[in-house]
Amino acid sequence: MKRNEFQLRVNFGDTDAAGIVYYPNYFKWFDIAGHQFFRSIGLPPSKLMKEHNIILPLLDVGCTFEHPLYYDDIITIKTVVTEVNRKTIKLKHEVFRGETRTGHGFELRGWVKEENGNIFAVPIPDDVRRILEEEGLGNCQQTNPWLSA
């Protein structure tokens with residue numbers, strides 16, 4: 001299945017009073033990683049909405065925390081498609097500091113059309129399904145490996 005990875009720097013504001021990354025930031029990073037993933041395979045969410053009225057709402061999410069992260073850590077977020085169903089896409093995210101995985105989780109996103117103020121799930125087109133199910137790394141080049149989110 002298709003995959004992508006990119007790096008972020010942990011901001012001071014991402015930490016709690018103990019200086020450890022506050023857990024909701026993983027969900028923020030998963031959201032960023034999901035959008036970055038779709039950009040990397042040529043399906044930027046802004047283009048899907050503008051040209052096809054397709055949105056990718058979050059339907060479910062989960063995370064397991066394994067090791068703490070701290071201010072100024074450089075993290076790599078690796079994303080891979082794990083399931084493509086009729087109207088949903090499941091992404092697995094893993095967060096690493098160097099070689100150490102600090103946490104992992106998933107996002108389940110719907111393939112949803114907006115029309116006349118209404119939204120409804122629609123089948124994922126075959127051409128999109130083929131892109132998602134291809135083996136390989138997405139081709140979105142990260143211009144700044146120390147992005148700050």
Side-chain angles (χ1 to χ4, degrees), residues 1-52 54-114 119 121 124-125 127-149:
M1 298 274 202
K2 218 34 138 181
R3 56 190 167 84
N4 189 51
E5 63 181 68
F6 69 102
Q7 293 180 311
L8 294 173
R9 179 183 299 275
V10 174
N11 291 315
F12 180 76
D14 294 333
T15 63
D16 60 18
I20 298 170
V21 164
Y22 185 48
Y23 76 91
N25 286 294
Y26 272 83
F27 297 105
K28 174 181 74 172
W29 297 332
F30 288 176
D31 186 61
I32 292 167
H35 286 261
Q36 184 73 359
F37 169 80
F38 284 105
R39 284 185 203 100
S40 82
I41 62 169
L43 298 170
S46 58
K47 182 178 177 181
L48 288 173
M49 180 57 187
K50 185 176 183 179
E51 296 180 9
H52 305 285
I54 293 295
I55 58 175
L56 303 168
L58 187 62
L59 304 175
D60 195 9
V61 66
C63 186
T64 300
F65 310 99
E66 298 173 308
H67 298 281
L69 287 168
Y70 304 95
Y71 170 61
D72 240 8
D73 281 349
I74 303 299
I75 59 172
T76 301
I77 303 171
K78 298 180 180 185
T79 300
V80 65
V81 175
T82 58
E83 291 179 23
V84 181
N85 295 307
R86 189 163 178 262
K87 298 179 184 180
T88 61
I89 302 159
K90 191 170 190 178
L91 301 175
K92 175 183 174 184
H93 303 290
E94 294 180 291
V95 178
F96 290 84
R97 179 185 50 236
E99 298 298 315
T100 302
R101 188 172 78 174
T102 64
H104 62 94
F106 72 92
E107 288 182 309
L108 181 66
R109 292 193 173 265
W111 191 265
V112 173
K113 188 165 188 86
E114 188 279 325
I119 60 171
I124 297 169
D127 60 330
V128 171
R129 180 180 300 282
R130 277 191 295 277
I131 292 168
L132 292 166
E133 292 176 344
E134 283 176 351
E135 288 296 324
L137 193 60
N139 62 7
C140 187
Q141 295 298 317
Q142 184 172 350
T143 57
N144 181 351
W146 314 124
L147 290 173
S148 186

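These figures come from a predicted structure and were not determined experimentally. Note: hydrogens, waters and symmetry copies are ignored here, and every other heavy atom, side chains too, is used.
Evaluation of the side-chain contact (heavy atoms from CB on, under 4.5 Å) rule for Asn85 yields Glu83, Thr88 as partners, not counting sequence neighbours. For Glu114, there are no salt bridge (charged side-chain N to carboxylate O under 4.0 Å, His left out) partners two or more places apart in sequence or in a different chain. In this structure, the side-chain contact (heavy atoms from CB on, under 4.5 Å) partners of Ala18, at least two apart in sequence or on a different chain, are Asp16, Ile20. With sequence neighbours excluded, the residues satisfying side-chain contact (heavy atoms from CB on, under 4.5 Å) with Arg86 are Pro123. Lys2 is linked by a side chain to side chain donor-acceptor pair (under 3.5 Å) to Glu134, counting only residues two or more places apart in sequence or in another chain. In this structure, the side chain to side chain donor-acceptor pair (under 3.5 Å) partners of Thr76, at least two apart in sequence or on a different chain, are Gln7. In terms of the side chain to side chain donor-acceptor pair (under 3.5 Å) criterion, Thr15 has no residue partners (sequence neighbours excluded). Residues satisfying the side chain to side chain donor-acceptor pair (under 3.5 Å) criterion with Arg109, sequence neighbours excluded, are Asp31, Glu107.
Side-chain contact between Gln36 and Asn4 is present, with heavy atoms from C-beta onward closer than 4.5 Å. In this structure, the side chains of Phe27 and Cys63 come closer than 4.5 Å at one or more pairs of heavy atoms. Looking at Ile54 and Val112, their side chains never come closer than 4.5 Å, going by heavy atoms from C-beta outward. Between Trp111 and Pro125, some side-chain heavy-atom pair lies under the 4.5 Å cut-off. Side-chain contact between Ile75 and Val10 is present, with at least one heavy-atom pair separated by less than 4.5 Å.
Residues Ala33 and Phe6 come closest through the heavy atom pair CA-CE2, 3.5 Å. Shown here for Pro45 and Leu56, the closest heavy-atom pair between the two residues is CG-CD1, 4.3 Å.
Atom OG1 of Thr64 sits about 11.0 Å away from atom CD of Glu94, to the nearest 0.5 Å. Interatomic distance, NE2 of His35 versus OG of Ser40, reported as 13.0 Å (0.5 Å rounding). Expressed to the nearest 0.5 Å, how far CE of Met1 lies from CG of Leu91 amounts to 10.5 Å. Atom CD1 of residue Ile32 and atom CG of residue Leu8 lie 6.0 Å apart, to the nearest 0.5 angstrom.
Residue pairs meeting the side chain to side chain donor-acceptor pair (under 3.5 Å) criterion with at least one partner in residues 42-51, sequence neighbours excluded, do not occur; the list is empty. Residue pairs meeting the ring-ring contact (aromatic ring centres under 6.0 Å, His included) criterion with at least one member in residues 55-83, sequence neighbours excluded, are Phe12-Tyr71, Tyr26-Phe65. The ring-ring contact (aromatic ring centres under 6.0 Å, His included) analysis of residues 72-109, with sequence neighbours excluded, yields the pairs Phe30-His93. The salt bridge (Lys or Arg N to Asp or Glu O under 4.0 Å) contacts involving residues 61-73 comprise Arg9-Asp72, Glu66-Arg101, Asp73-Arg97, where partners must be two or more places apart or lie in separate chains.
Surrounding NZ of Lys113 are more than 12 heavy atoms belonging to other residues, nucleotides or ligands, all under 6.0 Å away. Within a 6.0 Å sphere centred on CG of Leu58, heavy atoms belonging to other residues, nucleotides or ligands number more than 12.
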Show your reasoning for whether side chain to side chain contact (heavy atoms under 4.5 Å, CB included) applies to Leu69 and Val95.
CA-CA 10 Å; Leu69 287 168; Val95 178; 4.1 Å; yes
For Val81 and Phe37, run side chain to side chain contact (heavy atoms under 4.5 Å, CB included): C-alpha distance rounded to whole Å, both residues' side-chain angles, the deciding distance at 0.1 Å, then the answer.
CA-CA 9 Å; Val81 175; Phe37 169 80; 3.3 Å; yes
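Although no hydrogens or angles enter the test, the distance criterion places no donor-acceptor pair under 3.5 Å between the side chain of Asp60 and the main chain of Leu108.
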